[in-house]
Amino acid sequence: LKGGALDANGDGINDTATWGGTSFAAPHVAGVAALLTEYAGIRAAASPANSFSTDHRVLKAVILNGAKTAGLNAPARLDEGGNPMPAWTAVGALSRGNGAPLIKTDAAGGNATRVSIGWDRDFGTGLLDASASLANYKPGRMGPHGADAVATVGAVGWDLNTVSTVAPGQHSTDAGWRRDYVLPKLADMTSLIATLTWDRSVSEGLDAALLSDLDLELFGLKDGVSTPLAASTSDMDSMEHIFFDDAGQLQSDAFDFFMLRTSFYRSFGAQSESFALAWRVETVPEPATLGLVVLGALMFCRTPHRPRP
């Protein structure tokens, strides 16, 4: 904040200008993280048994997952073909320079998976929204704990958990290699958003091999059958993100529930990896009740009519 005269372009006239960049974003993100930490302290004081985690992975997942995509615009953005791009769009499945799909495999050369990025190349997961992040944080931790790899959770929430692998460098198939979160199907669902975060092991070499490879997938469930709907499967990042807004699929009778799966795709020496997962479901806003309010006010303010003498 700055009081007094403001000359943005040095022409001697008071005016303003809009600037952006990570230097401007960092204090806002730090402020939201501080507010979430303060909220956790308030909850802990009120109910010590239900204290909230302030683990950095949890705060990162909740903040990223609360970001909004509506209202973003970038009219100058063009795709590789020179065509205008939507305001926000996930990168999606990646391809090599020759057009062939970019595929990742485990150390044994198996479990081939198409690399796909679930966030926008410029906007990331969206515009910082402190209110939405707090709403995502408030329900508290929920999900599979201990040996249980599957849990039914609420439509909004987060978890701090661990996935493991048996053979370093290879895709694991033991019970701990995945964590499944079954979400309810709500009427008028419009989107389902989820964000997975974990840490890169830090050393002087900053070797990419120090980053475990975790994936995030979304399935529709019906009568014990799971149907893949979306996935974020980066091979070089410490986060995954899904923004699924196909209302037709979300409201379809073909599914009774939806499931998010966090899985340990490939390890570079680590036997396990701690992660945070945040998720939320959006629905069609309820119709405004302004008409009823106005009608009620008119009825309340009505005065009896007196006949003239």
Side-chain angles (χ1 to χ4, degrees), residues 25-72 118-119 124-146 148 150-162 179-199 216 218 232 239-245 250 257-262 274-286 288-289:
H28 293 280
V29 174
V32 174
L35 291 173
L36 294 176
T37 301
E38 181 183 23
Y39 176 81
I42 294 173
R43 290 292 296 265
S47 179
N50 297 318
S51 60
F52 280 34
S53 171
T54 55
D55 184 276
H56 62 280
R57 287 160 293 197
V58 172
L59 298 182
K60 179 180 178 180
V62 168
I63 291 173
L64 288 170
N65 208 60
K68 63 180 181 181
T69 59
L72 292 173
W119 53 91
T125 64
L127 186 66
L128 182 67
D129 188 331
S131 178
S133 293
L134 178 59
N136 206 149
Y137 190 52
K138 274 186 173 181
R141 182 187 181 192
M142 58 185 75
H145 306 298
D148 184 14
V150 182
T152 300
V153 297
V156 180
W158 54 269
D159 188 28
L160 179 63
N161 218 308
T162 303
R179 300 293 179 189
D180 293 341
Y181 301 78
V182 179
L183 281 65
K185 178 183 177 182
L186 304 182
D188 299 327
M189 290 176 66
T190 58
S191 59
L192 193 158
I193 306 103
T195 304
L196 171 69
T197 63
W198 66 101
D199 283 341
L216 180 61
L218 172 65
S232 182
M239 66 167 282
E240 302 289 359
H241 180 74
I242 288 176
F243 181 89
F244 187 73
D245 61 348
L250 292 171
F257 302 93
F258 296 96
M259 182 177 73
L260 289 167
R261 169 170 292 173
T262 297
S274 297
F275 69 88
L277 176 68
W279 64 88
R280 62 188 177 95
V281 168
E282 294 182 335
T283 58
V284 176
E286 295 183 1
T289 57

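From a predicted model like this one, the values you see are computed outputs, not experimental measurements.
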- Task: Determine whether His241 and Trp119 make a side-chain contact, defined as any pair of heavy atoms from C-beta on separated by less than 4.5 Å.
- Result: yes
- Note on the structure: When every non-hydrogen atom of Val153 is compared with those of Pro184, the smallest separation belongs to O-CD, 3.3 Å
- Check Ser133 against Gly66 and note the closest heavy-atom contact, atom names and distance. OG-CA, 3.6 Å
- What do the steps show when you test Asp129 against Ile63 for side chain to side chain contact (heavy atoms under 4.5 Å, CB included), and what is the final call? CA-CA 8 Å; Asp129 188 331; Ile63 291 173; over 6 Å; no
- Which of these passes side-chain contact (heavy atoms from CB on, under 4.5 Å) with Thr125: Leu64, Ile242, Ile193? Leu64
- Message: Checking Tyr39 now: which residues fulfil side-chain contact (heavy atoms from CB on, under 4.5 Å) with it, not counting sequence neighbours?
- Response: Arg43, Phe52, Leu134, Tyr137, Lys138
In a table with atom names and distances, give each donor-acceptor pair under 3.5 Å that connects a side chain of residues 277-284 to protein atoms at least two apart or in another chain.
from: Trp279; atom 1: NE1; to: Gly154; atom 2: O; distance (Å): 2.9
from: Arg280; atom 1: NE; to: Asn65; atom 2: O; distance (Å): 2.7
from: Arg280; atom 1: NH1; to: Glu282; atom 2: OE2; distance (Å): 2.7
from: Arg280; atom 1: NH2; to: Asn65; atom 2: O; distance (Å): 3.2
from: Arg280; atom 1: NH2; to: Ala67; atom 2: O; distance (Å): 3.2
from: Glu282; atom 1: OE1; to: Ser191; atom 2: OG; distance (Å): 2.7

Under 3.5 Å, which donor-acceptor pairs link side chains of residues 30-37 to any protein atom two or more places apart or in another chain?
from: Thr37; atom 1: OG1; to: Ala33; atom 2: O; distance (Å): 2.8

- Report yes if the side chains of Asp188 and Leu186 come closer than 4.5 Å at any heavy-atom pair, otherwise no. no
- What residues, two or more places apart in sequence or in another chain, satisfy ring pair (Phe, Tyr, Trp, His ring centres under 6.0 Å) together with Phe244? none
- Between OG1 of Thr262 and OH of Tyr181, what distance do you get to the nearest 0.5 Å? 5.5 Å
- Query: Quick one: does Phe258's side chain get under 4.5 Å of Leu218's, heavy atoms only?
  - Reply: yes
- Kindly indicate, with the supporting measurements, whether the criterion side chain to side chain contact (heavy atoms under 4.5 Å, CB included) is fulfilled by Asp180 and Leu260. CA-CA 6 Å; Asp180 293 341; Leu260 289 167; over 6 Å; no
- Go through the structure and list residues passing side chain to side chain donor-acceptor pair (under 3.5 Å) with His56, not counting sequence neighbours. Asp199
- Message: Taking salt bridge (Lys or Arg N to Asp or Glu O under 4.0 Å) as the definition, give me every residue that meets it alongside Asp245, ordered by chain and number, with sequence neighbours left out.
- Response: none
- Note on the structure: Interatomic distance, CG@Asp55 vs NZ@Lys60, rounded to 0.5 Å, equals 11.5 Å
- Side chains of Arg57 and Phe275: does their closest heavy-atom pair fall under 4.5 Å? no
- Task: Mind checking the CG-NZ spacing from Leu127 to Lys68? Nearest 0.5 Å is all I need.
- Result: 5.5 Å
- Of all heavy-atom pairs linking Val156 and Ala135, the shortest is CG1-O, 3.6 Å
- With sequence neighbours left out, write down each residue that passes side chain to side chain donor-acceptor pair (under 3.5 Å) with Ser232, or none if nothing qualifies. Glu240
- Interatomic spacing from OG in Ser131 to CG in Asn136 - rounded to 0.5 Å: 11.0 Å
